[in-house]
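Take a look at the structure below.
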Amino acid sequence: MKTLAIDGATVIAPEQRQIDVMNSAAFGKALTAAFDPSKDIILDLSAVLFIDSSGLGEIIRLVRTVHEQGRKAVLCGAGDAVSVLFDMVRIDQLVPIAPDADSARQILKDGPAG
Amino acid sequence: MSWTEPFMDLCESLDLAVMAVDAETGAFLGRTGKAKNLMERLSGLSEGALTGLPDLVGNGTWQWAQRLLRAGDSEGVRVPLGDRGEILIGPTREGISPASVTLLAAPYDRGLNPDAENETSARIQRALLSGSGTFSYGGASFAAQTIPSMQVDGDFFEFWKLGGTRVDFVIGDVMGKGVVAALNAAAIKAALNRAVIETLADAPDTLRPSSVIERAQLSLGPELSSMGKFVTLCCGRLEAGKGLLSFVDAGHPGFAYLDSRDGSCWEVKGSNMPIGFVACQTFKEYVLPVRRGDSLVFYSDGITESENSEGELFGTERLLRFVAAHKALPPLKIVEEIMKTAFYYSLSGFRDDATIVAAGIDDDPSGPRSDWREELNRSDGEGLHALRSRFEKALGEALPNGDSRIRAELTLGFMEALGNAIRHTEGTATAGWTIHTGGVTVEIEFRGSDYQWYRVRAPQMRDLPLHGFGSWIMDKTFDSVLLLRGPENKKRLVMTKVSL
């Protein structure tokens, strides 16, 4: 899991190509460890080819924690398969989705468009 | 005191129709009062002439039965007596009789009811509601039979042969017994027939098992509900050419599915409630892929709730084992053998109507099909990744011009099913899929405890749910999701997308 601090936000970039029932618990722990409560979060999923519902649950857990700390979160870099999951469950009702990390940074700065 | 007297007293107290004879000589040893009446009705002989089974069934048959039973035949011999019914000669059961009792006879066919009024009612029931029959149509063979209990009850079945390619059918059972149940059953059968005819006239393309049941429910559901009555039924459509069984159950017992690929037998059951439980419900239609050599056995609870002398039910698992052990039999023989075995299991006869509808698939589905099966260890993360890639690739090859988004959705549903199986399995899971003309079926087999697979609710994102997405995604991405139950905690998750 790569992390990078940019403009007061932490960019978390998982390196797993597939997040599923076999590795989602470890993925969740790594997300928790990477979260700095003093900063907003950008979860960059551009390296991830596939996420199942157990991985989704860990992402929602992270977003819940971020919101509880009064911080903001943005998801970005979702490929085709991950977008199918996000669209299906309407995760955009919970957290903004950006095409890439730059757009995500803009959203944190300006707030979601529209 | 010899063993005969207490044994016969026991049989008498259990209201059994039992005649005991000496296996070697055929000499008459004793019979219950019920057996006496029934045997006289069957044979037309006077009591004095009934000195043993050879008189009734003929010496040749008698010797044949003796040979089989001495050789350890566990099911006995069925001897038809023309329109007088038939008689079973079988071994005694362990635990209820001395070892020296070797043969029992118990007539089981209908028409044995000594009460004339009930007999007339039973005839009416057969004419209006069921009876028996066998036929072949649309690449499949069918057989059905109802044996009423001593009372008039509410079992029924019906077939609709449609367009040369498919057979729609229903098997049902109305709550309660007697004339009221039978009249309700007649009304429901009429409503189902009307629903089929009206749909064929109005919008034939919309005729499905679910549409038939929903139409019938509109006319009957509120009335049944207000009377506190309900009906259980299973309405199906068998299309051998497409290799698909579609069905809507409404609280009916599951049915047995014999998979000819490995000889395994499964209980298949949906999740809808009986008609009349609530004034109106939307029925979920399920799909089960079938192929040549497979068998389907639908039944009423009169079969599985047959009870032996120790109060043990015949049960679903025994039925599944029986169907698996008789996989070579055609539908008519399957029906007859199950009826015989369940009746003989109970000895005293059915306490409820017993109905069986059996189907055998005679033809292969048309069009090309590709299959894949692979074992997966519950801790094999790499294996899971590889399976996803293989499934995605197979979909892409089979549907090169297909919608990539649909392929991604199906892959997601497939992976959710694998995750579901991995969470519930006690060891390994076997995953496989069949891509056929126009659709895909995923099958995942594992051994594990039961769970409420059919409880599917759309998660509300505003509640920040961490779980509960998996079953919902499976249900959303495939047209039908079913969990089949086999013996020894075996489960098979079957998901089908009929059209891509």
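Numbers restart at 1 for each chain; the letters A, B, ... are given by sequence-line order, proteins then strands. Note that the coordinates shown come from a computational prediction; the quantities given were computed from them, not determined experimentally.
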Inter-chain polar pairs, chain B versus chain A: which donor-acceptor atoms lie under 3.5 Å apart?
{"residue": "B/His385", "atom": "NE2", "partner": "A/Asp20", "partner atom": "OD2", "Å": "3.4"}
{"residue": "B/Arg388", "atom": "NE", "partner": "A/Gln18", "partner atom": "OE1", "Å": "2.4"}
{"residue": "B/Arg388", "atom": "NH2", "partner": "A/Gln18", "partner atom": "OE1", "Å": "3.2"}
{"residue": "B/Arg405", "atom": "NH2", "partner": "A/Asp87", "partner atom": "OD2", "Å": "3.0"}
{"residue": "B/Glu416", "atom": "OE1", "partner": "A/Ser53", "partner atom": "OG", "Å": "2.6"}
{"residue": "B/Glu416", "atom": "OE2", "partner": "A/Ser53", "partner atom": "N", "Å": "2.6"}
{"residue": "B/Glu416", "atom": "OE2", "partner": "A/Ser53", "partner atom": "OG", "Å": "3.3"}
{"residue": "B/Leu464", "atom": "O", "partner": "A/Arg64", "partner atom": "NH2", "Å": "2.7"}

Who are the ring-ring contact (aromatic ring centres under 6.0 Å, His included) partners of B/Phe255, not counting sequence neighbours? B/Phe247, B/Phe298
Report which part of A/Ile59 has an atom under 4.5 Å of a heavy atom belonging to chain B: side chain, backbone, both, or neither. neither
Would you mind checking which part of A/Leu56 comes under 4.5 Å of any heavy atom in chain B, side chain (CB onward), backbone (N, CA, C, O), both or neither? side chain
List the residues meeting salt bridge (Lys or Arg N to Asp or Glu O under 4.0 Å) with B/Asp262, not counting sequence neighbours, and say none if there are none. B/Arg492
Of all heavy-atom pairs between B/Ala408 and A/Val84, which one has the smallest distance, and what is that distance? CB-CG2, 3.7 Å
With sequence neighbours left out, what residues match A/Met1 under side-chain contact (heavy atoms from CB on, under 4.5 Å)? A/Ile12, A/Pro14, A/Phe27, A/Ala30, A/Leu31
For chain A, the option from B/Ala458, B/Gly381, B/Pro459, B/Gly468 that forms the most heavy-atom pairs under 4.5 Å: B/Gly381
Would you compute the distance between atom CD1 of B/Ile473 and atom CG of A/Leu85 and round it to the nearest 0.5 angstrom? 5.0 Å
Bottom line for B/Ile422: the part with an atom under 4.5 Å from chain A's heavy atoms is side chain
